[in-house]
Amino acid sequence: MRIGALALQGDFREHLAVVRKLGAEGVEVRTPEELADLDALIIPGGESTTIGRLATIYGLIDPLRERIVAGLPVLGTCAGMIFLAAATKRYEQPQLEVLDVVVERNAFGRQVDSFEADLAVAGLADPVHAVFIRAPWIHKVGSDVDVLAAVTDPGTGEEHPVFVRQGRILATSFHPELTEDTRIHELLMEVS
Amino acid sequence: MNTTASQRGTDLVKRGLAEMLKGGVIMDVVNAEQARIAEEAGAVAVMALERVPADIRAHGGVARMADPSKVEEIIESVSIPVMAKSRIGHFVEAQVLESLGVDYIDESEVLTPVDDNHIDKWQFTVPFVCGAKDLGEALRRIGEGAAMIRTKGEPGTGNVIEAVKHMRMMNKQIRRLTVLDDNELMAAAKELRAPYTLVKEIAETGKLPVVNFAAGGIATPADAALMMQLGCDGVFVGSGIFKSGDPSVRARAIVEATTFYQDASKIAKVSRNLGEAMVGINIDTLGPEDRMQDRGL
């Protein structure tokens, strides 16, 4: 299995290390040509505005959108979730608009509010140790989107999804690539 | 809440933010307008300052933390992380910056040091980045709790020679540790003046446990790509952008050269018609008191 990581900016090397550990071939993707022959794609953590801008300059938005709509399995983490989403609350930025959610950036606050915690995930027996770094959460979900994990906003008591699936698209607010737990990457390989 | 055992300010959370900045450019800015230009150009973070290093150099006197209203103005103007500098050893400036909500504190030799001791960075929830000229200095800073390292270079000169020296030195010293016998590691720690446990860790992993950016004197897209090819995880550009003829165009060019650092034709393309680069300073014209890199070893 050949898994690409969008390597414009961010922690793509950590993602590739996980997929290689799981026995897949991991390749860096920076150009539309490098999208060919992939069985799955990862959009890493990073700064979503930077990733979106570089993807626009290098003509990656349309090729990425076409491949994902045509069924290429994809996992987006943090900035990757934002980049996959249909829209962002408050900000205008380049997005793929393939995942039917509206995300809220920096939803938990600034870096001093970043945290790690054990998170209950639907379909997984044990909780995932999730690392949230200036993380987004999902503000609105579309009808075809399954919520696999959510957190409660202590202020309003509202639930906000932090891990969703829409067909072969997986997206997390947190960073599974920063821990030893490979279950979320395994899930991407299962849908591939 | 569907989460348990939630913890803030851990090593993973502090070092993790730096991981997300990798492959990116962090730009010095002095006001909201510059911060927006930097964000628009694709910066992964901005460094909020009262003056860029070249102006600190020209201005002389004591350089201190920026005015809180300046930092707040910049925080409110962008969605990307905002860093700010405290003086070396000035833990109260760091406390103030943390209270303002900055995302990273740079305990920086660009400002005037106040103590031979650096800040005890473990006491803070906000992460710190510190400069280093060699591996020993990097490990002392990590030992004090730094969650990210950058080369010191020679700030405000537009001359990348010192950053190159510092990066080469770190790489060489890391490589050397990996070939030493276990019996030799304590002597190596003594020689590096670095904590033994970190020396042992580097000998095993062959890399720093935190992200390492280049900083100090980067002025062109080719400078940024040079530092990336030497093995840095990303770059800080201080005076190089807003002291140049066309900051917006240069900022974009440096961002693109940092992404495509291995592609000479792309670097050539973005290097065309950038206008005037900042005027550089030759390092050997600096007196000992002008060498910021020798502060806070």
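What you see is a predicted model, and the numbers here were worked out from it, not measured in a lab. Protein chains get the first letters and strands the later ones, always in sequence-line order, with residue 1 at the start of each.
Using a cutoff of 4.0 Å between basic side-chain nitrogens and carboxylate oxygens, B/E19 and B/R15 are not scored as salt-bridged. Note on A/R30 versus A/E28: salt bridge recorded, some NZ/NE/NH1/NH2 to OD/OE distance being below 4.0 Å. A salt bridge is absent between B/E50 and B/K70; no separation between the charged side-chain nitrogens and carboxylate oxygens falls under 4.0 Å. A salt bridge links B/E144 with B/R141: the distance from a Lys NZ or Arg NE/NH1/NH2 to an Asp or Glu carboxylate oxygen falls below 4.0 Å. Salt-bridge annotation for B/K207 and B/E201: absent, with no side-chain N of the basic residue lying under 4.0 Å from a carboxylate O of the acidic one.
Between chain A and the residues B/P127, B/G101, B/G42, B/S79, the largest count of heavy-atom pairs under 4.5 Å involves B/S79. Among A/H129, A/R105, A/R13, A/Q93, the residue making the largest number of heavy-atom pairs under 4.5 Å with chain B is A/R105. If you tally non-hydrogen atom pairs under 4.5 Å between each of B/T258, B/V126, B/T10 and chain A, the highest count goes to B/T10.
Counting only residues at least two apart or on different chains, the salt bridge (Lys or Arg N to Asp or Glu O under 4.0 Å) pairs with a member in residues 75-101 of chain A are A/K89-A/E104. Judged as a ring-ring contact (aromatic ring centres under 6.0 Å, His included), not a single pair has a partner in residues 61-96 of chain A (not counting sequence neighbours).
Put simply, the side chain of A/R20 gets close to the backbone of A/G26: a donor and an acceptor are under 3.5 Å apart.
Heavy-atom proximity under 4.5 angstrom to chain B picks out A/E47, A/T49, A/T50, A/R53, A/L54, A/I57, A/Y58 from residues 47-75 of chain A. Contacts with chain B (heavy atom to heavy atom, under 4.5 Å) involve these residues of residues 131-146 of chain A, listed by number: A/V131, A/I133, A/R134.
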